[in-house]
Amino acid sequence: MARVIVDVMLKPEILDPQGQAIARALPRLGFSGVAEVRQGKRFEIELDGPADEAAIADVRKMAETLLANTVIEDYSVRVEG
Amino acid sequence: MARVIVDVMLKPEILDPQGQAIARALPRLGFSGVAEVRQGKRFEIELDGPADEAAIADVRKMAETLLANTVIEDYSVRVEG
Amino acid sequence: MSERHSIAADSVQRAAETPDEQMPFAELGMKQDEYDRVKEILGRRPTGSELAIYSVMWSEHCSYKSSKVHLKQFATKAPKSEALLVGMGENAGVVDIGDGWAATFKIESHNHPSYVEPHQGAATGVGGIVRDIMSMGARPIAVMDSLRFGGADAVDTRRVLPGVVEGISHYGNCLGLPNIGGEVVFDPCYIGNPLVNALCVGLLRKDQIKLATAPGPGNQVVLFGASTGPDGIGGASVLASATFEDESHAKRPAVQVGDPFMEKLLIECCLELYAADVVVGIQDLGAAGVSCATTELAAKGTGGMRVDLNLVPLRDPSLRPEEILMSESQERMMAVVRPADVPAFMAICEKWDVPATVIGEVTDTGRLVMTWDGETIVDIPPGTAADEGPVYERPFHEPAGQAALNIDSPDRLDRPTDLRATLLQLLGSPNLASKEWVTSQYDRYVRSNTVLAQPADAGMLRISERWSSGGESEARANEPRSGRDHEHEAIDGAEPTTRGIALATDGNGRYARLDPYAGAQLALAEAYRNVAVTGAKPLAVTNCLNFGSPEDPEVMWQFAEAVRGLADACKILGVPVTGGNVSFYNQTGTTAIHPTPVVGVLGVIDDVAKRVRTGFVAEGLRVALLGETLEEFGGSEWAHVAHGHLGGLPPVADLEAEQALATVLVEAARRGLLEGSHDLSDGGLAIALAESCLARGVGATVTLGEDPFVELFSESAGRALVAVAPERFEEFAALCGDHEVPCHGLGVTGGTSLVVEGVLEVPVSELRDRHSAALPALFG
Amino acid sequence: MSAARVGIVTFPGTLDDQDAARAVHLVGAEAVPLWHADHDLKGVDAVFLPGGFSYGDYLRCGAISRFAPLMDELIPAARAGLPVLGTCNGFQILCEAHLLPGALTRNASLHYVCRDQRLRIEQADTPWTGAFAPGQEITLPIKHGEGRYVASADTLAALESGGQVVVRYLGDNPNGSLNDIAGISNEAGNVVGLMPHPEHAVEELVGAPSTDGVGFFTSILKKLVNT
Ligand SMILES: Nc1ncnc2c1ncn2[C@@H]1O[C@H](COP(=O)(O)OP(=O)(O)O)[C@@H](O)[C@H]1O
Ligand SMILES: [Mg+2]
């Protein structure tokens, strides 16, 4: 069993109202020094087998077609180690 | 400017219907070999200054009090680099 | 991108010095003769920023250049209506609904964006129409959504529909606007071109109407709401004026993402600004963003405005002036404010956490002048961009196959012998099945004034006084929270009035395909009827005209016919068109969608306690069918579901009969004669009976004549089903007689089954299973 | 005049505040608006935290609102016994503020759901449910995307044995809530959180097809007038 992580974030040019709302709230909560917050998704994918090249390619395809909406989101895939 | 990442995941004992829905959809889309999927959140936090110890401690507090609900979620903080 | 950069610093001075510089007008969707016209207006070549303004303002989407000559009929044929306070041409029409109250409503499309990114496309569609309503000075009080998708089992429908519904649900719910109705229709013709038409209705006091105008030199121009980012740059012209295939990937504009939270703040902020009387003129930022707001405000005011584009707050600091001018970033408004009121204006924005910036001022020069880095980059007469766009008399002719289509009558289709099976087949088909999978994702209760929502024929809202956008009660409800002296001031939960409004939207693309003139009339007739069956008197009309490419003469013929039909029908029914929207280019390659005019009707009821609920609400009521049933199966749901057939002619639209029917329904409701009602439409009497039983689980036993198939499944217009207490039936029948509305007693309500004597018997529970299972089975 | 004064909190993005004010008014109490940015409870006798999407429900429902200046006043007051009712987003805020245990998470169906829901009043001895009979079955609208109540096994056991489960879903559980929980109270019973919306079920003609919501407002009125 291996675990692969897929991070999905809105593309930089796409508005992230959620991240903005958090960033705006921070000073009121006494946190300063934060320039920007962006919020995305993190998927933990447990594989039945090892995270070999074929499996990673599969996860990448999964990310491309299902986990991320590539019209507005970028994704990255990595094996947790 | 430095970037700190906060990952927030539901605790293992808390039901994750989003992850389950994805896991259920995978075989239909032709993906096999996935034992489990869990979905969480990823925050990218741009700091005004460097990611020194004080700044990291601040982000940790932010995660503990705001970004994660520790009743149901775990979090981890790391500097991107 | 690079081409834009190369013209970024283009100033008026430079334009004058370099008259021969090649400008990328074609890439921006502009034709050579349109470009020549701009040069003629300016007496020189346009700067890059000026070209940006003219290209978006003269796009089909903003200028209505192909539709204008036809839409004129809505004004020239308009019936006299004392209720109309603001007609077409403003952000939305306004109608007088009595007691000093006015309602403003409008329907608008967001079709292409919803195909590209269903969730955000549909969400921002709701956001846009809500801002239109706000800009009239009203508080938005409800939304509706009229949706068309490809085949229900098509793979892409599974991508588009859930996203669209989620987008509408999330945005509308977040704004606290009840969703009180709409439509969900499936037809293979919409694959690749789904239709997402969103309607918003708002309420205001009659004397508080706000207009998009910028009078008074010296008045300040304030941009407020979200900051400006690279959202949908070029969208207005590229996305709305070209087909998807033409659009190169590189040119595809970034998707606009909606922030419903910001919009909610904007709503409350605007209402407080209106109440404080610190707004002279206001305009929402829609498809053409800053270009549209500045040119339209300036054109309708004293005629001049000066704007410093460097002052526009940016989300992405690298944006160029042309991009700022074309950005479609959501949740922005522009107001004209007297200088003395600016501090009060800013304080209210700050209270609501809404960023606001003065970016310019009104002048009396008759010119819209914009600067960037100290240089003049725009200097134009604003009216030429806002109002004097090109107007096309596009050629049109009847489609080549139209006659053959009309000759291919459904008479040749095999008719069923097992009518029970046919009823269940239709009831479980995607177009007639319960839409609860969709509507349960919408909040229909918020604001606590919803009298009727799904599955009623029309949505109905009580007019509660606290909706006033500047009246005493609203002010009291909003202010005590901060600002003025509010020690111990209570929200007194102002007494609601008894008055109500009702709204319905309808449209049938198959009917319009067979005959666009009649199809548009039938859409109006159905919405009108749906309002009347609830007891409300139809008052005014909005419409969204969804068609293929206007450059195709056959599509243009459909459009011309539909507009002519709708305008003629409005005249006969005495309900004016108050506004609407045209969506062209809904086509893939040379294949256009069915012409799909969607019509919204708003009605008024003096006392919502007199409203009539949908269906059979109790046992032992007399059931009657009003109107005449002919053998009409052209474009019917039966022909579609049982045979996949589309041919012949649609039902006859007899508008005088429709009007008589509505008169009877409204008067009967006023006298309290109706216990329940339901209009007949798709699927005919069979479906109306089944839905009436499903409303509350009350069955019925009815007797039909000689040809039960025709009586059950024909789709003749101008009909409704009513349930009347036995002791009042005679009075009701007499009322029908007075207005020459045929009234056929069919039977009585009661029992746990729908029984058509000698024809079929189905337990209500079986009807329910069929009706409710279809959409969940398809969409999970 | 000694009318009971019920404070109604408005956060940015609150939606049901006016509805709640009207419901309070209908039973004859006084609705007092409370603004999130003020450090001021205006001396009210009870507080209603209405539903909506405060701060857009961004991050987590209720997560940002919990830090509002008004909450600095409300949290200690609630701990000291001030009656507080949070419905929907209000319930979520109470959980985020740790005035109530557990958390409200995404509906198991992953869809927002608006429907009329059968419920059972499990506890009639809170200030907000005193007008009901224990075990009484009622219908109220629900409308939420994140109403699935979760808590640790220990917390759940404590809620059940301590009589802190106030309202339970009947029939189909609409969101996958543990133990069909629709509403709970704190140990003292003065703080109650509910997913359903009593304020939308107080008048015959409008809103839900029931007026069962009235009971929550008459309960608090009775409680305040009698003490
Ligand atoms: N997309 C939608 N949004 C909101 N309400 C809808 C939607 N689609 C259907 N409805 C509602 O569901 C009910 C049934 O719809 P429909 O079967 O199309 O009614 P009808 O046949 O009377 O026009 C109506 O109350 C309608 O307003
Ligand atoms: Mg209808």
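Predicted model, so just to flag it, every value in this text is computed and none were measured. Within every chain, numbering begins at 1; the chains are lettered A, B, ... in the order of the sequence lines, protein sequences first and strands thereafter.
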Check each atom of C:S440 against the heavy atoms of chain D and say whether the ones under 4.5 Å are side chain, backbone, both or neither. both

To the nearest 0.5 Å, atom CZ of D:R22 lies from atom CZ of C:R447 at 8.5 Å

So, taking the atom named CG in C:D443 and the one named CG in D:D16, what distance separates them when rounded to the nearest 0.5 Å? 7.0 Å

In terms of heavy-atom proximity below 4.5 Å to chain C, should D:T14 be classed as side chain, backbone, both, or neither? backbone

Are D:Y58 and C:D259 close enough that a side-chain donor and a side-chain acceptor fall under 3.5 Å? yes

Measure across D:L15 and C:N173 and return the closest heavy-atom pair with its distance rounded to 0.1 Å. CD1-O, 3.1 Å

Check each atom of D:A20 against the heavy atoms of chain C and say whether the ones under 4.5 Å are side chain, backbone, both or neither. neither

SG of D:C114 to CG of C:N179, rounded to nearest 0.5 Å, is 9.5 Å

So for atom CD, which belongs to C:E436, do other residues, nucleotides or ligands contribute more than 12 heavy atoms lying within a distance under 6.0 Å? no

Select one option (side chain, backbone, both, neither) describing which atoms of C:L175 are under 4.5 Å from chain D's heavy atoms. backbone

Counting heavy-atom pairs under 4.5 angstrom with chain D, the leader among C:V608, C:I267, C:T450, C:V165 is C:T450

Would you call the rings of C:F261 and D:Y55 parallel, tilted or perpendicular if under 30° counts as parallel and over 60° as perpendicular? tilted

What is the minimum heavy-atom distance between C:Q441 and D:Y112, and which atoms define it? O-CD2, 3.2 Å

So for D:E204, is it side chain, backbone, both, or neither that comes closer than 4.5 Å to the heavy atoms of chain C? neither

